[in-house]
Amino acid sequence: MRLSQFPLATLKETPSDAEVISHQLMLRAGLIRRLAAGLYTWSPLGLRVLRKVERIVREEMDRAGALEVLMPAVQPAELWQESGRWEQYGPELLRFKDRHDREFCYGPTHEEIITDFARRELKSYKQLPVCWYQVQTKFRDEIRPRFGVMRAREFLMKDAYSFHLGQDSLQATYEVMHATYTRIFTRLGLDFRAVRADTGSIGGTGSHEFHVLASSGEDDIAFSTASDYAANVELAEAVAPAGERLAATEPMRAIPTPDTHTIEQVAALTGLPMNRVLKTLIMRGAEEGRLVALVLRGDHQLNEIKAEKLAEVASPLCFASPEEVRETIGAGVGSIGPVGLDALGISVFVDRAALHVADFACGANRDDEHLLGVNWGRDLPEAAAVDIRNVVEGDPSPDGQGTLVIRRGIEVGHIFQLGDKYSRAMNAVVLDEQGKSQVMTMGCYGIGVSRVVAAAIEQNHDERGIRWPMALAPFQIALLPLNASRAPQTMELAQKLYAELAALGVDVLLDDRELRPGVMFADMELIGIPHRLVISDKGLAAGELEYRARDAAENEMLPADTIMDALRQRLGLD
RNA sequence: CGGGGCGUAGCGCAGUCUGGUAGCGCACUAGUCUGGGGGACUAGUGGUCGCAGGUUCAAAUCCUGUCGUCCCGACCA
């Protein structure tokens, strides 16, 4: 492409409403423009990148035997009512009516549509297993769209759905998809981890998220230093501390603690480390009107997903109000502790780590008072140990190998064994070998195509702009003839190299704008072209051309007469 | 949903408190010079100051409403 025919839309200044680096650079490089909150137009340059992602995704899905389809973005309410999600889904689902007053939604996902398609198309076990996929625009009316295309309302997604008779077949396809996703993100040149994820309310046996590691990510990922264990912190098991609990050495006694309501304040006042001050969270119980206490070490955080899974705890998880706490326990929320709660009919659940602490401090269940020297089994009953906290860096890995490291991740893919949630609700059945009707089992597999673009930038940029991995770059190499108006031989050679590279199938960009060198350099670096060749009159006089990779610090002088060989080698064509 | 910030030229901003003929930088147009890291000079183009209503001789500025947009969000006892 010649830049005279392919205008760039780069900006020197950063638009003020862009928060994260990928959003800033996408706007500055002119890849996207905002239309409204969470809605973006992709420019010609941006679309080239998006298409590169799509192409790799399609190639790998096809290689895995999946079949591409295209389903409508607009979906009738009837199917959603059939699956029960018309009621379950909240305001994230964009609903509207057509001129006949029929209800529709703009699809945030396509389980209902594909299940309907499957039940019409699939009649026999002989047609299974099958995996269909599409690349489609989705709309989710996010509470807070942000970070540009990272969390947009309208976004491009590859979604795939597989249909099976039985768990074994589903498991086999799931493993193929796991491998396929690994290939896709490897080809895209991203630093990623496949992590075990929460299966949520759907249940099912397996779910993995694929995360691109980046500090701006919205999820915490825990992975082992010594094995391939990796899990979303939401899910990562916090194992019990090794060894026996230390013996009690102190008597239990109360101390006055006026105006002391937080763990930090209690620790400061008592001189104890935070891990010897226990916090007691009073939650609503599953049984109406009952309260439940959750006890954690002061330096640990409650994991709400784990807590919600306790049968005695209300779901969704809900903190008791300060009024409820005072009414039942007789103290403010800053002075609550586990001692004596059982007598009040409050069940106490203690995190494994908290149950391992001896001589701890906690609230006294009287205002302005805390207890010191408290010990499980002596001052209050031994409680059942549960896992209700978030793992922290340095915790032992649940698989017993190594310790956990925690990093931020951007979720770019998610694979899921759905089971028969949709196929049962929508009666998607086939006949088996015995001629009996069987509900199919399903898997679903998503990749956030537009999000991948943003994630790639989060991971690959410097102070000058984007540094695309080769597979994503809108153009692989830029040819920059200098002083073309005074030294036309630079443009002539550039045109010749342009034609030769294009003939080799290289995505080559020729900057024929006849601008000053600094402008060309800055633009090419901002938009992240991985290779650049400068053709100057001075260099030509010496029989040399100047090459530089986007991630290199220095120029490299290459002989002009063998330049194509050198470029082929650097572009990885040989 | 609640709290806060911001809406003035395509982008980044000043001007608003204290009402009095709308400004700066970048970008854009023309020309001259310049020509290896977003160059200089000269001359230009471009704004119903988000929108509606009100106060006033006079409103970007004060008042009311409204829309848009960005940030934050329970609790961590």
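In the text below, chain A, chain B and the rest are named by the order of the sequence lines, each starting its count at 1.
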Answer with yes or no whether A:S16 presents, from its side chain, a donor or acceptor under 3.5 Å of a partner atom in the base of B:rG12.
no
Is there a Watson-Crick or G-U wobble partner for B:rU56 with both distances under 3.5 Å, and which nucleotide is it?
none
For the side chain of A:R34 and the base of B:rU69, is some donor closer than 3.5 Å to an acceptor across the two?
no
Between A:R276 and A:E250, is there a salt bridge with N-O shorter than 4.0 Å?
yes
Taking only residues at least two apart or on different chains, which pairs with a member in residues 519-564 of chain A satisfy ring pair (Phe, Tyr, Trp, His ring centres under 6.0 Å)?
A:H531-A:Y547
Between A:D462 and A:R550, does any NZ, NE, NH1 or NH2 come within less than 4.0 Å of an OD or OE carboxylate oxygen?
yes
Relative to A:W86, does A:R95 satisfy both conditions: NZ or CZ under 6.0 angstrom from the six-membered ring centre, and within 45 degrees of the ring's axis?
yes
Which ring pair (Phe, Tyr, Trp, His ring centres under 6.0 Å) pairs, counting each pair once, include a residue from residues 294-347 of chain A, with sequence neighbours left out?
none
Let's see if you can work this out: which of B:rG37, B:rG38, B:rG36 has an atom nearest to the side-chain heavy atoms of A:P517?
B:rG36
Give the residues of residues 545-552 of chain A touching RNA chain B, defined as any heavy atom closer than 4.0 Å, sorted by residue number.
A:E546, A:R548
Rounded distance in Å - CG (A:L281) to P (B:rC76):
9 Å
Does a donor on one side chain sit under 3.5 Å from an acceptor on the other, for A:D220 and A:N232?
no
Give me the distance, rounded to whole Å, that separates B:rG3 from B:rU56 when you measure between the C1' atoms they each carry.
34 Å
Testing B:rG36, B:rC76, B:rG12 for proximity to the side chain of A:K279, the answer is B:rC76
Write down the distance between CG (A:L294) and P (B:rA77), rounded to a whole number of angstrom.
14 Å
Nearest to side-chain heavy atoms of A:F521, which nucleotide of B:rG37, B:rA77, B:rC71:
B:rG37
Among the nucleotides B:rA27, B:rC71, B:rG37, whichever has the atom closest to the side chain of A:E19 is B:rC71
A:D511 CG - B:rG38 C1' separation (whole Å):
13 Å
Just checking, any donor-acceptor pair under 3.5 angstrom between side chains of A:N275 and A:D299?
no
Residues A:S347 and A:E312: side-chain donor-acceptor under 3.5 angstrom
no
Specify the separation, in whole Å, of atom CG of A:D523 and atom P of B:rA27.
12 Å
Compare the minimum distances between each of B:rG37, B:rA27, B:rA77 and the side chain of A:R532, then state the nucleotide with the smallest one.
B:rG37
Using the C1' atom on both, measure B:rC6 against B:rG50 and round to a whole Å.
11 Å
Counting Watson-Crick and G-U wobble pairs only, both distances under 3.5 Å, name the nucleotide matched with B:rC1, or none.
B:rG73
Sticking with atom P, work out how far B:rC62 lies from B:rA14, rounded to a whole angstrom.
15 Å
Per nearest nucleotide of RNA chain B, the residue lying toward the 5' end, A:T14 or A:Q301, is A:T14
Just checking, is any N or O donor in the side chain of A:N555 or A:E546 under 3.5 Å from an acceptor N or O on the other one?
yes
Taking only side-chain nitrogens and oxygens of A:K12, does any of them come within less than 4.0 Å of OP1 or OP2 of B:rC11?
no
Tell which nucleotide pairs with B:rG25, taking only Watson-Crick or G-U wobble pairs whose two distances are both under 3.5 angstrom.
B:rC11
What distance, rounded to whole Å, do you find between the two C1' atoms, one in B:rG7 and one in B:rG15?
15 Å
Nearest-angstrom distance, P atom, B:rA9 to B:rU48:
9 Å
Separation of B:rC11 atom P from A:D17 atom CG, nearest Å, is 10 Å
Pick the closest RNA chain B nucleotide for A:K538 and for A:R146 by heavy atoms, then say which residue is nearer the 5' end.
A:K538
Donor on one side chain, acceptor on other, A:T257 and A:D368, under 3.5 Å
no
Any donor-acceptor pair, under 3.5 Å, between the side chain of A:R516 and the base of B:rG35, if you only look at N and O atoms?
no
Between P of B:rG36 and CD1 of A:I535, the distance in whole Å
16 Å
Hey, is A:E382 close enough to A:R245 for a salt bridge, meaning N to O under 4.0 Å?
yes
Nucleotide nearest A:V519 (side chain, heavy atoms from C-beta), chosen from B:rG38, B:rC70, B:rC76
B:rG38
Pairs of donor and acceptor atoms involving the side chains of residues 6-18 of chain A, under 3.5 Å and at least two apart or interchain, shall be tabulated with distances.
from	atom 1	to	atom 2	distance (Å)
A:T10	OG1	A:D523	OD1	2.8

A:E234 bridged to A:K306 by N-O distance under 4.0 Å
no
Whole angstrom is fine here: how far is it from CG in A:L317 over to C1' in B:rC76?
12 Å
Counting only distance, no hydrogens or angles, is the base of B:rG36 paired donor-acceptor with the side chain of A:N483 under 3.5 Å?
no
Work out how far the C1' atom of B:rC1 is from that of B:rA74, and round it to whole angstrom.
13 Å
Measure CG/A:L482 against C1'/B:rU34 and give the value in whole Å, please.
15 Å
Scanning all shown strands, the Watson-Crick or wobble mate of B:rC51 with both distances under 3.5 Å is B:rG65
State whether A:E554 and A:R548 are salt-bridged, where the test is any N-O pair (Lys NZ or Arg NE/NH1/NH2 against Asp/Glu carboxylate O) under 4.0 Å.
no
Taking atom C1' in both B:rG25 and B:rG39, compute the distance separating them and give it to the nearest angstrom.
16 Å
Whole-Å C1' distance, B:rG68 and B:rA52:
14 Å
Paired nucleotide for B:rG38 [Watson-Crick or G-U wobble; both distances under 3.5 Å]
none
In residues 259-276 of chain A, which ones come under 4.0 Å of RNA chain B, going by heavy atoms?
A:H261, A:T262, A:I263, A:E264
If you define the side chain from C-beta out and look only at heavy atoms, does anything of A:V292 sit under 4.5 Å from A:I282?
no
Please list, by residue number, the residues of residues 320-333 of chain A whose heavy atoms come closer than 4.0 Å to an atom of RNA chain B; answer none if no residue qualifies.
A:V333
